[in-house]
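Comments concern the structure below.
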Amino acid sequence: MSSPARPHRHDVWIALAGLVGGLLGIALGLHTVTPHEQHGPEVLIGLLMMSGAELLRRTAPVWALGIAVVAQTVDVLTGGLLAVVIMFTDILYAVALYGPARLARNLATGSVVFTVAVTIGTVAWLRTPEALLLGALAAGVTATPAWTGLMLRQHRDAAAAERLRAEQTALLAEMDRTQAVAAERSRMARELHDRVAGHLSAIAIHSTAALTLDERAATRDALAVIRENSTQGLTEMRSLIGLLREAGGGQVVEASPSLDGLDALLRRAGRTGAAGRLRFTGHDDRPRDAPRLSAPVELAAYRIVQESLANAVKHAAPGEVTVALRQDAEALTVTVTSPFHERVASRALGSGAGLVGMRERVELLDGTFAAGPDGSGNWRVTAELPLREGKSRT
């Protein structure tokens with residue numbers, strides 16, 4: 001069993017002050033109920049009980065209230081002391097402030113009922129206006145401290161609720177900041193992968209070919225592709241750094257590749273994939289009078305084609321790689337098909353980050369994405385990008 005809580009030091013001082021005040025009142029004969037009579041040691045019973053209740057006012061307010069009611073009754077029957085009445089009002093205040101919430105509300109309501117009952121009873125009994133003074137006294141002893149404690153309790157509860165709300169707001173703000181940082185890091189990772197990984201893969205593939213083939217012409221072609229991809233990779237890196245750094249004059253460098261560069265992507269992939277006996281063709285079936293795509297859709301489509309071609313160079317079996325664009329009033333559909341055979345070894349290692357990046361780009365636009373074997377000997381990447389405004393998420 002746990003030991004009872006020790007009285008608060010302030011409660012100890014209150015109990016001692018009440019006890020000293022009561023003893024002084026006994027010594028001077030200052031009794032409130034029977035001031036002109038002689039009193040014996042029984043007057044100490046109510047005083048000691050009320051002082052003990054004061055020790056429990058904060059740690060055990062329910063017990064304090066019960067003891068205080070008994071002590072106040074005994075004190076009235078034994079002569080009455082002002083110190084006991086004052087301590088009784090303090091107990092009511094403490095119970096309303098520190099006690100259970102339901103008890104505090106009932107105590108405040110009960111004090112009003114008690115005051116009204118005392119007022120009506122004394123007026124009916126004495127039938128004089130002075131009887132109202134007893135009602136005012138009852139209100140001062142019971143209702144006033146109980147309602148004061150209850151109102152202070154409500155203010156404290158409101159302040160605690162506001163502090164909790166502020167802490168929750170700060171926590172939500174920190175979560176939003178963390179999510180924003182994570183989203184920005186993911187965006188930077190996608191851009192870095194899409195811009196540079198394809199060039200590095202081409203360099204790895206052709207450097208391997210240059211080291212393996214003992215043919216002057218093949219080695220020269222491989223070195224040309226290596227030089228082209230290294231130069232383009234450096235350019236892409238500088239462009240990416242420019243996205244992260246403020247340019248002169250307070251302007252931010254932005255790069256927005258578009259599907260207008262599809263032919264250039266296909267030519268570059270053709271040079272890179274020549275060693276793997278790959279051919280690349282494109283079919284742009286979009287209507288000539290189709291409206292201009294928004295920048296997010298344009299960029300996502302470009303990066304998906306770029307990454308799909310890079311994956312084809314690394315993993316596709318010999319054959320034809322086809323890029324198809326189709327657009328209607330609702331969406332732009334990008335389809336990249338490449339020869340697929342499980343026994344064909346990859347020309348460069350892959351981590352799967354490309355597929356993850358493509359899927360993330362499509363999900364940010366609330367589109368649909370699929371990648372995998374289509375059952376007819378091909379690997380198919382399909383991305384459907386909605387065109388309506390309000391679909392994309394930042």
Query raised in the report: What's the verdict on side chain to side chain contact (heavy atoms under 4.5 Å, CB included) for Leu164 and Glu167, showing C-alpha distance, side-chain angles and the deciding distance?
Result: CA-CA 5 Å; Leu164 179 60; Glu167 292 174 357; 4.2 Å; yes

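- Side-chain contact between Thr144 and Tyr93 is absent, with no heavy atoms from C-beta onward closer than 4.5 Å.
- Atoms CG and CG, on Leu65 and Leu56 in that order, are 11.5 Å from each other to the nearest 0.5 Å.
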**Report entry** side chain to side chain contact (heavy atoms under 4.5 Å, CB included) evaluation trace for Leu126 with Leu134
**Finding:** CA-CA 11 Å; Leu126 300 177; Leu134 290 176; 4.3 Å; yes

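- With contacts defined as side-chain heavy-atom distances shorter than 4.5 Å, the pair Met358/Ser308 qualifies.
- Proximity of Gln179 to Asp176: side-chain heavy atoms (C-beta onward) are separated by under 4.5 Å at one or more points.
- No donor-acceptor distance shorter than 3.5 angstrom exists from the side chain of Thr109 to the backbone of Asn106, with no hydrogens or angles considered.
- Between the CG atom of Leu97 and the CG atom of Leu92 there is a distance of 12.5 Å, given to the nearest 0.5 Å.
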Query raised in the report: Should Arg57 and Ile14 be marked as a side chain to side chain contact (heavy atoms under 4.5 Å, CB included) after you check the CA-CA gap, both sets of side-chain angles, and the distance that decides it?
Result: CA-CA 10 Å; Arg57 65 190 292 275; Ile14 292 173; 3.8 Å; yes

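- Side chains of Arg303 and Gln306: a donor-acceptor N/O pair is present below 3.5 angstrom, by distance only.
- Summarising the geometry, atom OG1 belonging to Thr322 is positioned 9.0 Å from atom CZ belonging to Arg380; distances are rounded to the nearest 0.5 Å.
- Counting all heavy atoms, side chain and backbone alike, Phe280 lies closest to Ala269 at CE1-O, 3.2 Å.
- Of the candidates Leu309, Thr281, Ile304, Val323 forms a side chain to side chain contact (heavy atoms under 4.5 Å, CB included) with just one, namely Leu309.
- Val76 and Leu47 are not part of a single hydrophobic cluster, where members link through side-chain heavy atoms under 4.5 Å apart.
- Both Tyr302 and Leu262 are assigned to one and the same hydrophobic cluster, defined by single-linkage of ILVMFWY side chains at heavy-atom distances under 4.5 Å.
- Annotation: ring-ring contact (aromatic ring centres under 6.0 Å, His included) contacts involving residues 126-168, sequence neighbours excluded, are absent.
- Looking only at side-chain heavy atoms (C-beta outward), Val74 and Thr78 come within less than 4.5 Å of each other.
- Residue Ile86 holds its CD1 atom at 10.0 Å from CG of Asp90, rounded to the nearest 0.5 Å.
- You'll find the side chain of Val336 stays beyond 4.5 Å of the side chain of Trp379, heavy atoms only.
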Report task. Apply side chain to side chain contact (heavy atoms under 4.5 Å, CB included) to Glu307 and Asn311, showing your working. Result -> CA-CA 6 Å; Glu307 180 60 26; Asn311 286 341; 3.1 Å; yes

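- Tyr98 is linked by a side chain to side chain donor-acceptor pair (under 3.5 Å) to Arg58, counting only residues two or more places apart in sequence or in another chain.
- Ion pairing between Arg326 and Asp285 fails under the 4.0 Å rule for side-chain N and carboxylate O.
- Here Leu385 contributes atom CG and Glu298 contributes atom CD; the two are 10.5 Å apart, rounded to the nearest 0.5 Å.
- In the hydrophobic clustering of ILVMFWY residues, with side-chain heavy atoms under 4.5 Å counting as a link, Val70 and Val84 come out apart.
- Between Ala312 and Val321, the shortest heavy-atom distance links the atoms CB-CG2, 4.0 Å.
- Applying the side chain to side chain contact (heavy atoms under 4.5 Å, CB included) test between Glu54 and each of Asp11, Ile91, Leu19, Ile67 identifies Ile91 as the sole match.
- Note on Leu48 and Met50: same hydrophobic cluster, where clusters join Ile, Leu, Val, Met, Phe, Trp and Tyr whose side-chain heavy atoms are under 4.5 Å apart, directly or indirectly.
- In terms of heavy-atom proximity, Ala83 sits nearest to Gly18 at CB-O, 3.7 Å.
- Remark: Gln327 CD to Leu325 CG distance equals 9.0 Å, nearest 0.5 Å.
- Of all non-hydrogen atoms in Gly22 and Leu81, the two that sit nearest each other are O-CD1, 4.1 Å.
- Minimum interatomic distance between Thr89 and Gly140 (heavy atoms only, all atoms of both residues): CG2-O, 4.2 Å.
- Scanning all heavy atoms of the two residues, the minimum distance from Met87 to Ser51 falls at CE-OG, 3.9 Å.
- Two residues are said to be in side-chain contact when any heavy atoms from C-beta on lie closer than 4.5 Å; Phe88 and Val69 meet this criterion.
- Residues forming a side chain to side chain donor-acceptor pair (under 3.5 Å) with Arg286 (at least two apart in sequence, or on another chain): Asp284.
- Here the side chains of Thr335 and Val381 are not in contact, with every heavy-atom distance at 4.5 Å or above.
- Ion pairing between a basic and an acidic side chain is recognised when a charged N comes within 4.0 Å of a carboxylate O; Asp260 and Arg292 show such pairing.
- Counting heavy atoms from C-beta on, the side chains of Leu23 and Leu44 come closer than 4.5 Å.
- Follow the hydrophobic side-chain contacts under 4.5 Å out from Phe114 and you never reach Leu103; the two are in separate clusters.
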